[in-house]
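Notes follow the structure.
If you read the sequence from its start, that first residue is 1, and numbering goes on from there.
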Amino acid sequence: MPTRPDLDVSFYDHLVPKATAGVYTVTVEHRLSKDGRPLDTAAELPPAEGRYEIRAARFHLDPSSVHALYPAAGAAGRYTHVLPHVTLTRAVLPWERTLAKRSVPAPWLALLLLAEGEALDDPAAAGEFTDRPVGELRRPTEPGTVGPELGGDIDDTLPCRTIDLPIGVFHAIAPRKAELLDLTHVRDVELAPQRRDDGEVLTEGAYAVLAANRFPRTPGSYAVHLVSLEGHLDRLEPGTLADAGHIRLCSLWSWSFTNAPDGTLDPGTLLRDLVAPGTADPERLALRHTPPAGGGDTAAERHIRTRLHHGYTALPQRTLAGESTYAWYRGPFTPLTAPELPREAVEGPHSTADHALVYDPAYGVFDVSYAAAWTLGRTIALADPEYSTEIVEARRALANRAATLAALGADPVRARQDPDALPGDTALGALAAAGLGARLVQALGGEPRRAPAPAARTARVRTARVRPAALLADPRARASLAAVAEAVTPTAPDWLERLALLRGVPFPHLVPDPRLLPPESLRAFRIDEGWIEALVAGAADVGAHTSTDHALAPLLRERRFRDGTRLPAAGLLMHSELVRAWPVFDLIATRAGEPVEELRRDHLAPDLLLVLWDAVPDSVSIREPGQGIHFGVNSEARISLRHLTGSAVGYPTGTEFPDPASGRTVFDHLRPGQGGRLPDVLTLHGDGGLLPALAAACGSDLSPGRFALQLVNAPLEQLLLPAPRTDLPCEADTFVQYGQGPVDGTRHELMVKNEGPASSVTRIAYLRFDATGLPPADRIARAVVRVHAAARDAGDFDLLLHGTGNDWAESALAWADRPELSAQPLARARLGAVDAWTWLEFDVTDHVRARTGGRVSVALTKAQAARELAVITSREGTSHRPALIVTTTPTSNAGDSDR
């Protein structure tokens, strides 16, 4: 993992400005005194006075002030144990207006969670409101409806968003005066840079956070309204406004979500289900077809299974001769490392894709993967008029320069001239030649004389015209041509780099069969660099027609990418409703502890995400978005306590509140339910209040920041990485024969046979493994004993594996002192035809879990039968030795992160 935390959050109680919103008067007086006695009282200067106003949000909230919402707007999931919250970009905003004169003023904002049918303006709990002028907010015309008591100079014509609540609903769900501070705090966030879909890199900052005091325990839709309590502070206590029917509030922001406790749309459930197939076997997350078990075992069927295992798909093909057949195709995403292509397969230029066809003569089938990539690159290039025009004009410019250089090379005099020089530069160079100036002055000052008769003109010797390919061998000519290539292809490198990141490539070319990526699946893959090279080559070969174009192609090939361009090496595809629920989330990939560069992240569809990296990561962490640092209780409706002091501040203490032994939960600190609904509104103070009881459990007073820290449910995080695997070699193996002493412990084969309990040919094989270095039992995901075996004499029978004791020595084990076997076999595996060597696997997970930290011994037997002998390669064999293969789970899995 990275050396620094990728997310570091500090909580503060409040951020109160020195001066809150309002009109202020500054008065300046001039007084002159001496020894405390005023002087010149008759001539005092008149005081000077100035007024200024500090303005803050009041009836309208700019959308840029809202940083994050939780649950997200429109989200559907299991939110029964969550307190919704809003994060504001202006950390001082909740304290910019004054509700009451206190040392720490109460926030003037509160977050109200409304269920269906509770708000007159929002009966469906869809986050709706009514637009009214401020005058109708302050002085409602509807009988029995009261608005806020606001003072000061207010423009009643200003628009605002309002909601009307029955007084009973308001008193049932609104926080009390003493609770306002406890539901608001400041969050200081530090983030390691993380690139998002649009290339934005998150920045650090301080934010104000307001949490609701109500759990959405009942299934259904909920609306969350950020309301102003200005003018309503004295109405928060029950019993007030007894004569009124409704209260009108200013709603500054609102959104809605759906609580679906069944978990079908719960992000945590979706994430766990996505990675579950790879928990025991990471290969199940690879992008490949999985053929059904069974089937034949002919050479052709084994070939097909191998192709499917390598990520290929069989697609219909029509040959040039018109024959209908099938061909193998694999896109750039592979489950295995693809071999390198021969250079001639991608270096051209070529005019057709035939050079990239791969033919399998054994089965008469083509692999069209690279030919399809080359054709696709050419098609994408020709479909872009700007790129195709640039590349064609570049070839023309190179051909013209090559012709010029060839002509110069054929003329010894002109060959000394620089074709890149400006027209007047040659003449100026001649004038500046050494001694020319002095000779010119001398000639002009001398006496004129008759010139001699011209001599016979000597024929200029010309050499053969230089071929374009030979020009590349001359450094000066190559430099001249390279300069032309750079000048006439200003955008081609960027265009080809985007193509190399597979932008513009149709999805069926990436994933040719929907069964490779079914709904609610996640697939990891490596990149076939040869496929991308063929794709780029197809685009780069556009416009190459003449022999000159072919000869000069290396110059344009050098211009394919800019210096330092990194091609993708691996990636991930996610096809899930989780992508829709989390349009942007953290995806942290590392290799040997260092971050892997994310080259591309795109939503190919609302529920389909593609991510490409520049290296193959060995660890990938999927984390809920930043707003996922939400507030609430765990799945048992208790608070997982965190340290509040010392060096471990913020880390879990390993304890819960209330104590599980008490049988109580946080839901025991709720106000009585209204209208037959479940109790869902927190009581924070007074009898039965959550804060006093929680403070006693923490052994410390709880300020708003500390209370928020205890309520934090950190972002859901899931590690996605190959399950750690340990292959333990066999440290001792032998077999015993009925009634016999020790056999030679260095034999290359072990034998298993059973012709009866007293038969002299009955044999039992023993194997022992050192498991002292394995992790604890709860991290053992799977353990198998793997042996290489074959049947002799007669085949098609089962080998049985039993647990046994460790008190035996390889060179001294005799039949008489053999360890006892478990009454029932731990596992069994089938041996097939005679002399058909195969790998057999026996699942011994529970047996190994019970013996971690020590040694593990097993024995192989078979059912009684005549002429059935199994031969097993021993640890002394040159290859195919027995092994205990243990797959372990990561140290953390889906759930809260440690901090």
Side-chain angles (χ1 to χ4, degrees), residues 288-289 298-334 338-385 387-388 391-392 395 496 499-500 502 504-516 527-554 556-557 560:
R288 61 160 63 96
H289 288 283
T298 65
E301 288 168 322
R302 289 195 299 270
H303 172 74
I304 291 174
R305 285 196 294 268
T306 299
R307 281 284 186 168
L308 296 177
H309 184 75
H310 290 176
Y312 283 92
T313 297
L315 297 176
Q317 183 196 22
R318 184 177 293 275
T319 66
L320 293 176
E323 180 184 9
S324 294
T325 179
Y326 79 94
W328 292 111
Y329 173 79
R330 184 178 66 190
F333 305 155
T334 75
E340 293 186 9
L341 291 182
R343 297 312 306 168
E344 57 270 16
V346 292
E347 289 185 357
H350 300 279
S351 56
T352 71
D354 291 350
H355 69 283
L357 285 171
V358 180
Y359 183 66
D360 183 354
Y363 296 96
V365 177
F366 281 101
D367 176 352
V368 299
S369 304
Y370 303 113
W374 187 92
T375 303
L376 177 63
R378 187 180 185 86
T379 303
I380 294 175
L382 292 174
D384 188 327
Y387 170 79
S388 56
I391 202 70
V392 169
R395 294 194 189 280
L496 292 171
L499 183 63
L502 305 175
V505 175
F507 187 70
H509 281 77
L510 304 177
V511 181
D513 191 323
R515 290 172 294 181
L516 292 169
I527 295 290
D528 183 350
E529 293 184 5
W531 198 98
I532 292 183
E533 288 181 354
L535 175 75
V536 173
D541 289 352
V542 166
H545 303 295
T546 68
S547 59
T548 299
D549 293 337
H550 284 247
L552 301 179
L556 291 181
R557 194 176 302 123
R560 287 188 305 172

Practice prompt. Output the distance between atom CG (D541) and atom NE2 (H550), rounded to the nearest 0.5 Å.
Written response: 8.0 Å
Discussion item. If you compare all heavy atoms of Y312 against all heavy atoms of S369, which two are closest, and at what distance to 0.1 Å?
Written reply: CE2-OG, 3.7 Å
Residues that [X] engages under side chain to side chain contact (heavy atoms under 4.5 Å, CB included), provided they are two or more places apart:
| X | result |
| --- | --- |
| T306 | H310 |
| L376 | I380, V505, P506, H509, W531, L535 |
| T548 | A399, P468, T546, L552 |

If the condition is salt bridge (Lys or Arg N to Asp or Glu O under 4.0 Å), which residues does [X] pass it with, not counting sequence neighbours?
| X | answer |
| --- | --- |
| D367 | R307 |
| R395 | none |
| D384 | none |
| R318 | none |

Worksheet item: Have W328 and D360 got a donor and an acceptor in their side chains that come within less than 3.5 Å?
Response: no
Taking only residues two or more places apart in sequence or in another chain, which ones pass ring pair (Phe, Tyr, Trp, His ring centres under 6.0 Å) with [X]?
| X | value |
| --- | --- |
| F366 | Y359 |
| Y387 | W495 |
| F333 | F525 |
| Y363 | H303 |

Discussion item. Going by the rule side chain to side chain donor-acceptor pair (under 3.5 Å), which residues pair with H289 if we only count those two or more places apart in sequence or in a different chain?
Written reply: T313
Worksheet entry | P554 and R557, any side-chain heavy atoms less than 4.5 Å apart | yes
Worksheet item: Under 6.0 Å from the CD atom of E529, do we count more than 12 heavy atoms belonging to anything else shown?
Response: no
